[in-house]
Amino acid sequence: MTKTPAAISRRDERTKQRQAQIRNAARACVLNEGFPAATISRIGAIAAMSKGHIYKYYENKEEIMIALIEHDMNEFMLLISQLGQPKDQSVDSLIESFVSKLPAILDSDRTALWLEVQAEAARNPRVKEMALKAANYFRETIRKVIEPVLEGIIKEELDLRVEMLLISMHGLGLKATVHSDASVRGMSTATEFVFRTVLSTAYQSVGTRKVQAA
């Protein structure tokens, strides 16, 4: 019997709900025990689903983990993309835009999962590829955001400043994970300090001064 569009829609919605249920269980397992311990059996126990039921939606553990990482990565990319929409192209506006999103960016579960992803990337080429994709997206977004307020800065100098911001964000992410009681206010102050330093046009690094001189 041919299914009606409404029936197909209901089936697709149930599939999305089950996949989300499995992803959420996988997330809980990874956060509590790490990627290696996140077996189909453990994920099934947390999701209250049988292994056979899980296999209806994902072929194996790797597919579940890739789906989990991809889902989180897409959410993070959407969040980061909003950084490119400040009220005006000024240092103060950029800082305000970034600091306002800092609680979501440094969400403890998000940062803890990302640390696990970094560790898994050393073992799994597919995970490594996704991690690099996310890092490059973050890098290019930051570049587009800060370039307008650094008019006249040469490319090599801009590259260094982008990397400095990325390193600082990685450090804040680690702090948010290890020290979950760290105050958002304190990290916001640190973030503002980093941004004002990196976006200052009063200083250029020794390396880029040599490039200009050459």
Side-chain angles (χ1 to χ4, degrees), residues 1-87 97-98 100-145 169 173 176-177 180:
M1 184 176 66
T2 303
K3 291 187 177 181
T4 64
I8 294 173
S9 178
R10 288 194 297 271
R11 182 198 62 193
D12 291 344
E13 184 59 32
R14 284 195 299 271
T15 296
K16 291 179 182 178
Q17 290 174 354
R18 292 302 187 192
Q19 288 173 334
Q21 183 179 349
I22 294 167
R23 286 198 310 270
N24 290 337
R27 176 199 298 277
C29 194
V30 168
L31 291 177
N32 289 328
E33 305 171 41
F35 271 91
T39 62
I40 293 291
S41 296
R42 291 290 298 124
I43 293 170
I46 294 173
M49 296 171 66
S50 68
K51 291 172 66 175
H53 198 184
I54 289 176
Y55 284 129
K56 288 177 61 178
Y57 301 100
Y58 293 104
E59 292 184 8
N60 49 44
K61 169 187 168 177
E62 183 182 44
E63 292 302 317
I64 296 173
M65 295 305 166
I66 293 298
L68 170 62
I69 296 169
E70 187 171 42
H71 181 268
D72 263 57
M73 186 176 71
N74 288 338
E75 284 194 338
F76 182 71
M77 285 181 173
L78 178 61
L79 180 65
I80 293 301
S81 70
Q82 296 168 0
L83 295 176
Q85 304 168 14
K87 290 180 296 185
S97 176
F98 196 91
S100 69
K101 295 174 178 61
L102 201 60
I105 292 173
L106 298 181
D107 173 78
S108 58
D109 280 356
R110 184 194 305 281
T111 55
L113 179 62
W114 194 244
L115 286 178
E116 290 290 344
V117 169
Q118 301 302 307
E120 183 66 12
R123 299 183 288 262
N124 188 317
R126 289 184 69 187
V127 174
K128 181 177 181 179
E129 181 181 354
M130 296 181 74
L132 288 174
K133 178 181 177 182
N136 287 333
Y137 182 87
F138 194 11
R139 179 178 289 105
E140 290 307 310
T141 299
I142 292 296
R143 180 189 301 278
K144 290 176 183 177
V145 168
M169 292 306 102
T177 303
S180 56

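This chain uses plain numbering: 1 for the first residue, then up along the sequence.
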Exercise. Can you tell if the side chain of W114 reaches within under 4.5 Å of the side chain of D109, non-hydrogen atoms only?
Worked result: no
Seminar exercise, completed: Of all heavy-atom pairs linking I54 and G44, the shortest is CD1-CA, 3.4 Å
Problem set entry | Results of ring-ring contact (aromatic ring centres under 6.0 Å, His included) for F76 - residues two or more places apart only | F138
Exercise. Does NZ belonging to K101 count more than 12 external heavy atoms closer than 6.0 Å?
Worked result: yes
Exercise. Got a sec, which residues hit side chain to side chain donor-acceptor pair (under 3.5 Å) with E116, two or more places apart in sequence or on another chain?
Worked result: none
For this session: Please identify each residue that fulfils side chain to side chain contact (heavy atoms under 4.5 Å, CB included) with R10, with sequence neighbours left out.
Result: A6, A7, R14
Enumerate donor-acceptor pairs with a distance under 3.5 Å from any side-chain N or O in residues 117-131 to protein atoms, sequence neighbours excluded.
unit_1, atom_1, unit_2, atom_2, d
E120, OE1, R123, NE, 3.1
E120, OE1, R123, NH2, 2.7
N124, OD1, R126, N, 2.9
N124, OD1, V127, N, 3.3
N124, ND2, E62, OE2, 3.1
R126, NH1, E63, OE2, 2.9

Problem set entry | Partners passing side chain to side chain donor-acceptor pair (under 3.5 Å) against N136 (at least two apart in sequence or in another chain) | R139
Exercise. How many angstroms lie between CD in Q21 and CD in Q17, if you round to the nearest 0.5 Å?
Worked result: 9.0 Å
Exercise. Partners of R27 by salt bridge (charged side-chain N to carboxylate O under 4.0 Å, His left out), sequence neighbours excluded?
Worked result: D72
For this session: Can you measure from CG (N74) to CG (L79) and round to the nearest 0.5 angstrom?
Result: 12.5 Å
Exercise. Does the pair Y58 and I43 meet the rule for a side chain to side chain contact (heavy atoms under 4.5 Å, CB included), with working shown?
Worked result: CA-CA 12 Å; Y58 293 104; I43 293 170; over 6 Å; no
For this session: Just jot down the side chain to side chain contact (heavy atoms under 4.5 Å, CB included) partners of K51, sequence neighbours excluded, or say none.
Result: I40, S41, Y55
Seminar exercise, completed: From the list R23, K56, H53, side chain to side chain contact (heavy atoms under 4.5 Å, CB included) partner of R18 resolves to H53
For this session: Grab the two heavy atoms, one from C29 and one from I46, that are nearest each other, plus how far apart they are.
Result: CB-CD1, 3.8 Å
Problem set entry | Residues in salt bridge (charged side-chain N to carboxylate O under 4.0 Å, His left out) contact with R11, at least two apart in sequence or another chain | none
Exercise. Mind checking whether L68 and I22 have side chains closer than 4.5 Å, heavy atoms only?
Worked result: no
For this session: Please name all residues satisfying salt bridge (charged side-chain N to carboxylate O under 4.0 Å, His left out) with R42, sequence neighbours left out, ordered by chain then number.
Result: E33
Exercise. Between CG of L115 and CG of L113, what distance do you get to the nearest 0.5 Å?
Worked result: 9.0 Å
Exercise. Who are the side chain to side chain contact (heavy atoms under 4.5 Å, CB included) partners of T15, not counting sequence neighbours?
Worked result: Q19, Y57
Exercise. Under a 4.5 Å cut-off applied to non-hydrogen side-chain atoms, are F98 and I105 in contact?
Worked result: yes
For this session: To the nearest 0.5 Å, tell me how far E75 CD sits from D107 CG.
Result: 10.0 Å
Exercise. Can you name the closest pair of heavy atoms from A38 and M65 and give their distance?
Worked result: CB-CE, 3.2 Å
For this session: Applying side chain to side chain contact (heavy atoms under 4.5 Å, CB included), name anything that partners S9, two or more places apart in sequence or on another chain.
Result: none
